[in-house]
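Notes follow once the structure below has been shown.
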Amino acid sequence: MYDFVIIGGGPAGITAGIYAARQKLNTLLITKDFGGQINWKAVNIENYPGFEEISGMDLTKKFENHLKKHNVEIQKEEVRKIEKKENYFLIQTKNGNIFNSKAVLVASGAEHCSLGVSGEKEFLGKGVSYCTVCDAPMFANKNVAVVGGGNAGFEAAITLTKWTKKVYILEKTDQIKADIENQKKAEKTGRVEIITDSQVEEIKGENFVNSLDYFKKNTGEKINLPVEGVFVAIGTRPAIDFVKGLVDLNEKNEIKIDFSNCQSSCPGLFAAGDASSVACKQIIVAAGEGAKAALSAYYYLQK
Ligand SMILES: Cc1cc2nc3c(=O)[nH]c(=O)nc-3n(C[C@H](O)[C@H](O)[C@H](O)COP(=O)(O)OP(=O)(O)OC[C@H]3O[C@@H](n4cnc5c(N)ncnc54)[C@H](O)[C@@H]3O)c2cc1C
């Protein structure tokens, strides 16, 4: 029986792990990976204090190394279900392992939204990607499309221009939501074309992507765009399916928490970072919430 099981190895979960170990809680951290969304960051992070500019991969490494200096057991796998027993939690993983704990922190963050169009699943890893940092070099001298005209889409496009011939940004509304700064950077590359009012319908190819179909929402015109890569950057959704039914969620499907202590509607189950209802989804906020949740779990266990 653990005192505290943390689910997630992003900024919230890692910080919670460090704090829990310092409170001498017998802690297990279960995660699919380290860093979480930081790994998807296409350009350097410039708003985490202590690092004027740092890549997502480097910040992840620093977080991971810091955690591993502490006495926290780590299990690299995916949690599938959490059940509340009389005075403990039962945590099941995809691999069939079962762990028991007196308190739990859900710090599972967010996962990519998918387009839900034909060809998206089929060509995943064969031209379709959700991670620019991971896959951009595969598209050297090719034409690619980025779906999503927010900051994530623009940052992906700017990074992709280092390798690719041309990048099309497809935005389904008639307005670009990315910051002016990102819009200026994209324009400066001279290799980004923005197509608004465009709804992607299908990703096509044979062994690998060779085009996509979209229709112009204002005219209804259907267009085939020859591209060899499609990067999807249309936002995220909370990764909380494994606690559905156990805790109260808000209208965005985030775990509702008491902002003073990260406690969910289920006593002993805490949530922090992007999986929770906390405002301002940022690395520093997730880290701060992770610290708060671990200390709150410690006080809960003291009682
Ligand atoms: C493209 C992009 C750019 C961004 N840029 C910035 C920026 O410049 N500055 C900034 O401050 N913030 C930025 N953010 C936001 C920031 O990355 C997030 O707010 C932060 O990572 C949230 O941390 P977290 O620990 O709550 O969750 P996440 O980072 O999402 O980490 C969740 C962790 O949980 C694990 N996990 C999920 N489900 C399970 C499961 N079932 N079982 C086990 N493990 C699981 C994941 O593998 C991951 O390790 C950006 C986000 C995106 C998408």
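First listed ligand is number 1; within each ligand, the first listed atom is number 1.
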Inset, instruction - Could you state whether Leu295 and Leu105 fall into the same hydrophobic cluster, counting links through intermediate Ile, Leu, Val, Met, Phe, Trp or Tyr residues with side-chain heavy atoms under 4.5 angstrom apart? - result: yes

Inset, instruction - Look at atom 1 (C) of ligand 1 and find which of Gly109, Ala107, Gly9, Ala152 reaches it with the closest heavy atom. - result: Ala152

Legend entry - Ring centroid separation Phe4 to Phe89 under 6.0 Å: no

Inset, instruction - May I ask which of Lys32, Glu78, Arg80 has a heavy atom nearer to atom 38 (N) of ligand 1 than the others do? - result: Lys32

Inset, instruction - For ligand 1, note which part of Phe34 has a heavy atom under 4.0 Å away: side chain, backbone, both or neither. - result: neither

Legend entry - Ala110 neighbourhood, listing ligand 1 atoms whose heavy-atom distance to it stays under 4.0 Å: 30 (O)

Legend entry - Within-shell test, Ala275 vs ligand 1, heavy atom, strictly < 4.0 Å: no

Legend entry - Whether Glu77 lies under 4.0 Å from ligand 1, heavy atom: yes

Inset, instruction - Rounded to the nearest 0.5 Å, what's the gap from OG1 on Thr236 to CH2 on Trp40? Could you check? - result: 6.5 Å

Legend entry - Nearest protein heavy atom with distance in Å, relative to atom 14 (N) of ligand 1: Gln282 NE2, 4.5 Å

Legend entry - Contact (N/O only, under 3.5 Å) between Thr31 and ligand 1: yes

Inset, instruction - Give every residue pair that meets the ring pair (Phe, Tyr, Trp, His ring centres under 6.0 Å) criterion with at least one member in residues 184-225, sequence neighbours excluded. - result: none

Legend entry - Nearest neighbour of atom 46 (C) of ligand 1 from the list Asp33, Ile38, Asp274, Ile45, on a heavy-atom basis: Asp33

Legend entry - Reported CD1-to-CD1 distance for the pair Ile74 and Ile30, which is rounded to 0.5 angstrom: 11.5 Å

Legend entry - Between Asn97 and Glu77, a side-chain donor and acceptor under 3.5 Å: yes

Inset, instruction - Write out the residue and atom name of the closest protein heavy atom to atom 53 (C) of ligand 1, then the distance separating them to 0.1 Å. - result: Gln37 OE1, 3.5 Å

Inset, instruction - Report yes if some N/O of Ala286 lies less than 3.5 Å from some N/O of ligand 1; otherwise report no. - result: no

Inset, instruction - Decide whether Ile223 and Val147 are clustered together by the hydrophobic rule: side chain heavy atoms of Ile, Leu, Val, Met, Phe, Trp, Tyr closer than 4.5 Å, transitively. - result: yes

Inset, instruction - Look up atom 50 (C) of ligand 1 and tell me if a protein heavy atom lies less than 4.0 Å from it? - result: no

Legend entry - Contact check: Glu155 vs ligand 1, nitrogen or oxygen atoms, below 3.5 angstrom: no

Inset, instruction - Within a distance under 4.0 Å of any heavy atom of Trp40, pick out the atoms of ligand 1 and give their elements. - result: 53 (C)

Inset, instruction - Using distance alone, determine whether Val79 and ligand 1 share an N or O pair under 3.5 Å. - result: yes

Legend entry - Same cluster (ILVMFWY, side-chain, under 4.5 Å), Val285 and Ile283: yes

Inset, instruction - Take Ser114 and Tyr130, measure what side chain to side chain contact (heavy atoms under 4.5 Å, CB included) needs, and give me the verdict at the end. - result: CA-CA 9 Å; Ser114 52; Tyr130 299 88; 3.6 Å; yes

Inset, instruction - Look at atom 33 (C) of ligand 1 and say whether a protein heavy atom is found at less than 4.0 angstrom from it. - result: yes

Legend entry - Side chain, backbone, both or neither: Asn151 near ligand 1, heavy atoms under 4.0 Å: neither

Legend entry - ILVMFWY network linking Leu25 to Tyr88, side-chain heavy atoms under 4.5 angstrom: no

Inset, instruction - Report yes if some N/O of Gly273 lies less than 3.5 Å from some N/O of ligand 1; otherwise report no. - result: no

Inset, instruction - May I ask you to decide if the ring planes of Phe139 and Phe231 are parallel, tilted or perpendicular, using 30° and 60° as cut-offs? - result: perpendicular

